[in-house]
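For reference, the structure is listed below as structure tokens.
Lettering follows sequence order; numbering is per chain, from 1.
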Amino acid sequence: MKYRAPKGVQDIFPPEVYVWQEVEKKAKEVFSVYGYSEVRTPIIEFTEVFTRSIGEDTDIVEKEMYTFSDRAGRSITLRPEGTASVVRAYVQHHLYNLPSPQKFFYLGPMFRYERPQKGRYRQFHQIGAECFGEDDPRVDAELIEMLKRFLEEVGLSGLNFELNSIGCRKCRPEYRDVLIGFLAERVEHLCNDCIRRYRRNPLRVLDCKLEGCRKTTESAPQIPDYLCTECKEHFGALQQYLQRLNVSYTVNPRMVRGLDYYTRTTFEVTSESLGAQNAVAAGGRYDGLVEEFGGPSTPAIGFAVGMERLTTLLMEQREIQPPGLLGFFATMGEEAEEKAFFLVSELRKKGFWVEMDYRGKSLKSQFRKADRLGSRYVFIIGEDEIQKGVIKYKRMSDGAQGEVPEEEFINFLTSV
RNA sequence: GUGAGCGUAGCUCAAUGGUUAGAGCACUGGACUGUGGCUCCAGGGGUUGUGGGUUCGAGUCCCAUCGCUCACCCCA
């Protein structure tokens with residue numbers, strides 16, 4: 001094979017593409033009811049947009065970005081996630097001068113240079129939502145409710161909502177110190193990965209899957225216990241509201257997110273059947289990011305849904321219903337073929353999906369083709385029909401046949 | 001970046017180191033001269049991922065390389 005797509009990117013064909021279209025449609029429907037407008041930001045940004053927001057020493061920035069120099073020597077990066085671009089756009093266009101909250105959603109491809117595996121690709125797609133300008137816990141609750149509703153509308157079940165608060169710029173450093181103190185006494189019991197995490201990002205040690213590390217960190221101090229009064233209140237109120245909105249969740253005090261910009265609320269939606277990459281959606285609050293980008297201090301919260309992971313689950317849980325072909329024209333003879341050709345054109349103009357045969361094949365093989373295409377009807381035009389001025393039809397589901405005068409054909413189609 | 005498993009027809013897979021690499025599905029045609037699905041028959045389709053090596057002989061064994069998959073790291 002001479003050409004193949006680069007590693008970790010994929011072509012999406014029918015029938016999967018119909019699932020994608022349905023998911024995108026549902027997202028637009030649900031999000032718009034919550035006041036979210038679509039925003040389309042570029043796929044490329046100056047590299048600093050990502051390094052500044054995601055964090056210099058995260059894996060994404062350190063080794064996963066598609067970065068290149070453009071012809072003028074500027075460093076450009078293919079977006080590895082959506083939030084940074086939306087925040088950049090929000091600040092660049094001074095949207096903080098508009099009434100708060102400003103609410104946006106986006107969908108499109110993201111790029112990370114990683115080894116692909118189940119649920120992970122180099123080009124992957126996210127649907128995300130961002131809400132700027134409010135720090136009220138009701139906004140957090142509302143956003144999580146919207147995510148839940150979207151996932152339900154799209155037809156997913158068996159999902160777990162996990163919730164945590166990782167504090168703010170004030171209280172997180174304090175907790176961090178306490179945790180480092182705790183870990184320092186037990187470093188020798190940690191795995192090699194965790195020893196590295198301990199130095200680089202100690203909160204991650206809590207997330208380790210290994211039995212040994214889990215055990216040593218069993219009695220570790222937990223973030224929720226070290227939140228400052230404001231963060232504690234915020235987290236408590238959020239939980240109250242979620243309960244009253246009937247959004248069930250579990251608090252996971254060990255959940256940490258990989259991007260530096262998160263503050264307070266973080267959440268993940270996971271599924272058992274996704275393999276190692278089990279998060280369908282994730283998000284959180286990022287109250288410092290707008291300021292970081294040079295805007296006024298502006299609280300914000302958002303999430304992103306992984307399209308590939310979502311559609312993978314959907315295709316496991318549901319049958320895919322491709323759009324149905326209404327009719328297939330089976331013709332006998334050149335005159336009939338010509339007639340069918342222009343008739344097909346007329347019908348499509350009226351919005352009917354019809355197809356025909358162009359190869360002058362046997363009637364039998366035309367029927368076979370119609371059947372294979374899942375056509376509801378076969379319309380037959382041969383010498384007899386032309387002479388009588390009729391079109392013969394056969395309903396494929398039960399084999400019922402009949403004739404319709406040409407001039408009534410459109411009416412006939414409308415009625416079936 | 002690290003580790004493991006797997007590469008044979010469009011797809012799913014057979015073939016003890018030994019003739020001309022097979023089967024099912026799919027595709028095309030016929031049995032049925034103007035009627036699909038079911039059945040039967042026939043046909044087209046392959047550089048066994050690639051390159052080297054061992055051997056009288058390699059799809060099979062060895063090495064390298066490329067690709068795919070899963071996992072680690074990390075994340076949607």
Among [options], find the nucleotide with the atom closest to the side chain of [X].
X: Arg368(A); options: rA76(B), rG37(B), rA71(B); value: rG37(B)
X: Lys394(A); options: rC70(B), rA76(B), rG36(B); value: rG36(B)
X: Ile380(A); options: rA76(B), rG34(B), rC75(B); value: rG34(B)
X: Arg115(A); options: rG36(B), rA71(B), rA76(B); value: rA71(B)
X: Asp371(A); options: rG29(B), rC73(B), rG37(B); value: rG37(B)
X: Lys392(A); options: rG34(B), rA76(B), rG36(B); value: rG34(B)
X: Phe124(A); options: rG36(B), rG34(B), rA76(B); value: rA76(B)
X: Leu259(A); options: rG34(B), rC70(B), rC75(B); value: rC75(B)
X: Ala276(A); options: rU35(B), rG30(B), rC72(B); value: rC72(B)
X: Arg309(A); options: rA76(B), rA71(B), rG30(B); value: rA76(B)

Can you tell me the distance, in whole Å, between the [atom1] atom of [X] and the [atom2] atom of [N]?
X: Arg257(A); N: rC75(B); atom1: CZ; atom2: P; result: 7 Å
X: Asp59(A); N: rC72(B); atom1: CG; atom2: P; result: 14 Å
X: Gln366(A); N: rU28(B); atom1: CD; atom2: C1'; result: 15 Å
X: Arg122(A); N: rU69(B); atom1: CZ; atom2: P; result: 11 Å
X: Asp260(A); N: rC75(B); atom1: CG; atom2: P; result: 10 Å

Atom pair CD1 (Ile391(A)) and CD (Glu406(A)), whose distance is rounded to the nearest 0.5 Å:
5.0 Å
Taking Val154(A) as the fixed residue, which of Val305(A), Val30(A), Val23(A), Leu313(A) is the one that meets the side-chain contact (heavy atoms from CB on, under 4.5 Å) rule?
Val23(A)
Quote, to the nearest angstrom, the [atom1] distance that separates [N] from [M].
N: rA42(B); M: rC68(B); atom1: P; value: 40 Å
N: rU20(B); M: rA58(B); atom1: P; value: 12 Å
N: rU50(B); M: rU8(B); atom1: P; value: 10 Å
N: rA9(B); M: rG46(B); atom1: P; value: 10 Å
N: rC11(B); M: rU48(B); atom1: P; value: 16 Å
N: rG3(B); M: rA64(B); atom1: P; value: 13 Å
N: rC6(B); M: rU65(B); atom1: C1'; value: 16 Å
N: rG29(B); M: rG44(B); atom1: C1'; value: 10 Å

With a 4.0 Å cut-off on heavy atoms, is [X] in touch with a base, just the backbone sugar-phosphate, or nothing at all?
X: Gly275(A); answer: sugar-phosphate
X: Gln123(A); answer: nothing
X: Val280(A); answer: sugar-phosphate
X: Ala282(A); answer: sugar-phosphate
X: Arg112(A); answer: base
X: Tyr121(A); answer: base
X: Met332(A); answer: sugar-phosphate
X: Lys369(A); answer: nothing
X: Gln401(A); answer: base
X: Glu268(A); answer: nothing

Which residue in the set Arg264(A), Glu130(A), Arg257(A) passes side chain to side chain donor-acceptor pair (under 3.5 Å) when paired with Tyr286(A)?
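The passing option is Glu130(A).
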Look at Glu292(A) together with Arg52(A) and state whether they make a salt bridge at an N to O cut-off of under 4.0 Å.
yes
Is [X] near enough to [N] that one of its side-chain N or O atoms lies under 4.0 angstrom from OP1 or OP2?
X: Lys7(A); N: rC68(B); value: yes
X: Lys361(A); N: rG29(B); value: yes
X: Lys364(A); N: rG36(B); value: yes
X: Arg197(A); N: rC73(B); value: yes
X: Arg372(A); N: rG37(B); value: no
X: Thr58(A); N: rC74(B); value: no
X: Gln117(A); N: rA71(B); value: yes

Answer whether the closest heavy-atom distance between the side chains of [X] and [Y] falls below 4.5 Å.
X: Val187(A); Y: Tyr198(A); result: yes
X: Phe379(A); Y: Val404(A); result: no
X: Arg309(A); Y: Gln277(A); result: yes

Specify the residue among Tyr113(A) and Ser397(A) whose closest nucleotide of RNA chain B lies further upstream toward the 5′ end.
Tyr113(A)
By nearest heavy atom, map Ala5(A) and Ala281(A) onto RNA chain B; which one lands nearer the 5' end?
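Closer to the 5' end of RNA chain B: Ala5(A).
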Applying a 3.5 Å limit to both distances, which nucleotide forms a Watson-Crick or G-U wobble pair with [N]?
N: rU19(B); value: none
N: rG10(B); value: rC25(B)
N: rG3(B); value: rC70(B)
N: rC32(B); value: none
N: rU55(B); value: none
N: rU65(B); value: rG49(B)

Are the aromatic rings of Phe150(A) and Phe31(A) close, with centres under 6.0 Å apart?
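Ring centres of Phe31(A) and Phe150(A) closer than 6.0 Å.
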I'd like to know if Gln277(A) reaches the base of rC74(B) with its side chain, counting only an N/O donor and acceptor under 3.5 Å.
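A donor-acceptor contact between them is present.
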Pair of N/O donor and acceptor under 3.5 Å linking rG1(B) base with Glu64(A) side chain:
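No such pair is found, so the answer is no.
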Cation-pi, Tyr106(A) ring and Arg40(A) (6.0 angstrom, 45 degrees):
no
Tell me whether the count of non-hydrogen atoms from other residues, nucleotides or ligands lying under 6.0 Å of CZ in Arg318(A) goes above 12.
yes
